[in-house]
Structure formats: structure tokens, C-alpha cells
Amino acid sequence: MIKNWRAWVLLLLLVGPFLAYIGFGTIWLYERKWLWTAGSLWVASGIGFAVLAARWTKATTPLLPPLDWDAPHTFTAFDRKAWEIVESEADQGDLIALEALSEIDIYIETSRRLARKLAVHYHPLAADPIGHVPIVEFLTAMELAAEDLNRLCHQVPGGDLLTAAHWKQAVQVAGYVQKANDIYSYLLPIFSPITGLARLGTQQWMVKPAWKNMQQNLLRWFYRAFVNRLGMHLIELYSGRLAIGTGQYRRLTRKSVRSAQPVDGELATLVVAVAGARGAGKTRLIESLKLARGGDLSLLKARLVAAGLDEALIERLQTAQLVELPGYTTNPGGESARDRATRREAVEQAVEADLMILVIDGRRDTHAADVAFAQAWDLWYVEHPRLEIAPAMAVVTMVDKPEFGGEWAPPYNWATGHRSRELAVRARLEAIRAALPPTINEVVAVGLPEASEYGIAELLLPALASLFQRAERTALIRHLHRVSTRSKASRLVSQVGQQGRSLWESLRAARGKRKTGATTPPQG
């Protein structure tokens, strides 16, 4: 009982002056006949608060920094499934009580639960999936997540000053203010029935729900942001990409995805593999591509801009390394062991490139060998889900040959043209497109006679340039995977070598300074 009456005294001291000012103010407004006007403005402000609070405190509005739920560009298909686990965990924040969101324990428990769920996703057969994660890499994930959260919170005014105690105090103070407001709303109808009843209805049906919704949105935004950033870097941790260390990871990944500039010296040149059967025209196509990309590219630049792509992709196109792969053999009478061996060799080299061009001889009656190669290439990525499938396109050559009928007289419109050659080529393109796996959905036709080429600058270069942003992403993921999958012994040897070189350079520098000091004549 003593504690109860003391609590009431404290509440009276806190709320009493506020209620007294409201009471005297109401009497003053009533005597000057302004009570109705003031009450109407109060009701209007309550309605405005309810509407704006409901809209401006949602995570999708500019008041709070938006959370990026698009899968990061370093994620593979396997990582995107893990990202769904993170999104599901963030959605649980809508079911957590408001009071619990102000407790630090909820974030610790969430971290443990999310870390274990993701570890099981990546290592489902391990008895202790978290126990084999290197401590340094785990700390790297925590550091990167904290850095992202710090950046987000700085976008909220005063967000960097909040503590766990502030969250609790905010909830308590909001409750006291709400109680005081309720008391006034119940007392006001005694002095002014019409205005008081209107304000009471507004308070109960609009303002109070909006105020509570605003509090919940703020707290739940932080909870979702916490899960978002933590989950993103835990995925990078379990995928092994954080083995390169914090500094190098930042340097490689924290750049604009749309930027066409190289992100690292090892990734400065994109590798384009030109694959195909023997005799399909790979060498001639590479020569034409090199010649075309060194000429006037103003038309290509205009097409890229019209498609919403960065015109700087042209620079990547000009520096890309075109690599001709060994051709696989074809046998119309049936596949032999030699055909399978040459195709396997071509696939093993094709998957090492950042982008692939499959060259298909359009004159052949059957394209079973080309389809088999494309399916084997696609299957390799299915069997290696930790890597992102490289962008690919098919180029149908020899469409200038007499087999397609009529005289070769470019330009042509393979999509809607009605000349005999256009109809024949379009039918061939549609048949090849239907037979290839969906990962190769871009199919263009080119004619490569010496005097009258057609399709390189008009069709192939724009299609190729549009794939370069995906190729950069593929190159980055492959580089991170290559570094992360190095053996621990080679990583240790590399680190020892770096330390040895650093020590040797320091000794040489110190010895050089001593020699310089010894040979310098005394001054004066």
C-alpha cells in the first residue's frame, strides 16, 4: 500500500501541473468564447497527426531510412534461399510485443537463433555447424553488420544517441503522457460537451491508435534493420566470402553495382569465352568483334543510353578479353566418346569465364551437339550452387550462306522481315532458342562475309554490352569464392610470406637510413 500511494503522489506531481494548466486554459477560452474554435483546431490536429503518423513512420517512407530487401549482388541462388530465412525472421518482429522490442535480450536471442538457422542451411549434415566457423571471420561479419547499422541509425535524427535504457524510458513516458491525455479527454466534456465529445472520439479512435502505431513502427523498424544487416553478413560468412578479410571485402563489394569501373586489379579485365563446335566460325567472329569494338561506337552508345544502361560499359567492352575455347566435335550419325570428351573439355574451360558466347553454325540440320554443350554448361552451375551462373548468349553464324536462299543483301530485319532469307533465318533462330536452356535466352544472327558483314555492330555488340554488368557481378563472386576456398595451408603460407616481405622491407629501409647518415658529411 505504501508503494502504491507513493506512486500516486509521484504521478500527481508529474501530471498535476499539466492538468491544472489545461483546466485554467479551458476556463479562459470559455470566458472569451474561443473554446469551440480551439477545440475544433485540437480535433483537426489530432486527425492530422493520426493520418501523418500512420504514413510517415512506415519503413517504406522517407522519414525512416528504407531497408534494402533485394538480394545483394554477391549472392548466388543458394544464398538467396538463405536470404528468405532472414526475411522470415525479420517478419517475426511484427509479432513481438512493444515492451519486448525495448529489451536488449531480444536482439541477443534473435542473433543466436538466426546464426544457427543459417548455419544449418549451409551445413545441414554438420553436428555443430557454427563450431567450425573461424573466429576472425565471425568477428568480420559482426563488424560489417555493426558498421551498416551505425550508418542507418545516423540517418535518424538522434539515432546514434539512443541506448537500451532510452527505449524503455520512451515507452514509459509515452504511457504516462497517454494516461494524462486520456484523463483530460474524459474531463473536457464536462466543460464543453460538444467539443469534448468530438475530441474524445478522435482521441480514442484515431490519435491513440496512431500514436501506438508510430511507436511500434519505430521499434520494429530497428528490429528489422538489425535482422537485415546481421543476416546479410552471416550469409557472407557461411558462404566463405569473408575469408578475404574486412578491408578487402569492403574494397571489392562496397561499390555501386551499376558502375562500369573495375573493382580490383584482378577483376579489371572481363573474360569472354567464345565456345562452339569446330568449324562454327569462332575465329572469324572474334576477329570481327575486335575490329568492330575498335571503330566508331557512337551508335552503340546511343543504344545503351536508350536502354537505361551506363555508356561506360563500352570501355569494358573494349578491354574485354575474348578467349576462343577448343571446339567440340560433332557427329550427325551419333555421339561418340570423342564427342563427349571434347565437349567436357570445352565446358571445363567455359565455366572459368565471366561471360560466354556460344557460336552455332546455322547451316547444320541438327544442333544436338550445341544443345548438349549448353545443357552440360548449365548443369555444371546447378552442381556448383555457390557460384553465380555466368551470363551467356548464342550467336548463329553462316546466315549469309546460300543455304538460306536469295542473294546476301544486308541490312536485314530478322524479327519482322518478310524476305526469303529473313523468314528462313527467323525460323532457325526460333528453333535454336527453343532448344537451348533458359539461361541462354539471347540469340542473335550474324553474317560474316569479308565485304559485307551484318549483325556485329547492329545486334551482337549491343546485346553483349548489356550483359557486362551481370558479368562483373559473376567475376566478383568467382573471385571471392576462389579466395575463400583456398586451403588453410596456402593461406598461412601467404600470410607468412607477406609478413616476411614486410619485415625485409623494413630492415632494408632502416639499413639504408644508417648508410645515408654515415656518408653524409657533417654540416658547418
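The first residue of the sequence shown is numbered 1, and numbering continues consecutively from there.
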| request: Could you pull out all residues at least two apart from L139 that satisfy side chain to side chain contact (heavy atoms under 4.5 Å, CB included)? | output: I135

| ring-ring contact (aromatic ring centres under 6.0 Å, His included) partners for F138, two or more places apart | none

| Taking atom types as modelled, is there a side-chain donor on T439 or Y381 under 3.5 Å from an acceptor on the other? | no

| message | Could you tell me if the side chain of F373 sits less than 4.5 Å from the side chain of D339, heavy atoms only? | response | no

| message | Walk me through whether L291 and E453 qualify under side chain to side chain contact (heavy atoms under 4.5 Å, CB included). | response | CA-CA 11 Å; L291 184 63; E453 289 185 354; 5.6 Å; no

| task | Under the side chain to side chain contact (heavy atoms under 4.5 Å, CB included) rule, collect the residues that match up with A369, sequence neighbours excluded. | result | Y328, T330

| field | Heavy-atom check, side chain of T76 versus side chain of D79, under 4.5 Å | value | yes

| query | Going by the salt bridge (Lys or Arg N to Asp or Glu O under 4.0 Å) test, which pairs reach into residues 430-451, not counting sequence neighbours? | reply | R284-E450

| Who pairs with D370 by salt bridge (charged side-chain N to carboxylate O under 4.0 Å, His left out), at least two apart in sequence or on another chain? | none

| Between the main-chain N or O of P326 and the side-chain N or O of R278, is there a donor-acceptor pair closer than 3.5 Å? | no

| ring-ring contact (aromatic ring centres under 6.0 Å, His included) involving H123 - partner list, sequence neighbours excluded | none

| said: Between R80 and E388 (salt bridge meaning N to carboxylate O under 4.0 Å), is one present in this structure? | reply: yes

| remark: With sequence neighbours left out, the residues meeting side chain to side chain contact (heavy atoms under 4.5 Å, CB included) with E324 are K282, T283, I286

| Between the side chain of R421 and the main-chain N/O of P402, is any donor-acceptor distance below 3.5 Å? | no

| said: Main chain of E84, side chain of S88: is a donor-acceptor contact present, judged purely on distance under 3.5 Å? | reply: no

| task | Output all residues satisfying side chain to side chain contact (heavy atoms under 4.5 Å, CB included) with N413, sequence neighbours left out; order by chain, then residue number. | result | A415, T416, E422

| Say you draw a straight line from CG of L118 to CG of L114; how long is it, rounded to the nearest 0.5 Å? | 4.5 Å

| query | Counting N and O atoms only, with roles assigned by atom type, does the side chain of T319 sit under 3.5 Å from a partner on the main chain of T269, one being a donor and the other an acceptor? | reply | no

| task | Examine distances only and state if a side-chain atom of R293 and a backbone atom of L317 form a donor-acceptor pair shorter than 3.5 Å. | result | yes

| Which salt bridge (Lys or Arg N to Asp or Glu O under 4.0 Å) pairs, counting each pair once, include a residue from residues 106-133, with sequence neighbours left out? | E89-R113, E89-K117

| message | Could you work out, with ring-ring contact (aromatic ring centres under 6.0 Å, His included) as the rule, every residue matching Y412, not counting sequence neighbours? | response | W408, W414

| Distance-only, no hydrogens or angles: does the Y238 side chain make a donor-acceptor pair with backbone N or O of A115 under 3.5 Å? | yes

| Heavy-atom side-chain proximity of L144 to L242 below 4.5 angstrom | yes

Solution key, residues 343-359 side-chain donor-acceptor pairs under 3.5 Å, sequence neighbours excluded:
residue: R343; atom: NH1; partner: E335; partner atom: OE2; Å: 2.4
residue: R343; atom: NH2; partner: E335; partner atom: OE2; Å: 3.0
residue: D354; atom: OD1; partner: R478; partner atom: NH1; Å: 2.9
residue: D354; atom: OD2; partner: V271; partner atom: N; Å: 2.9

| request: Could you list the residues that satisfy ring-ring contact (aromatic ring centres under 6.0 Å, His included) with H121, not counting sequence neighbours? | output: F78

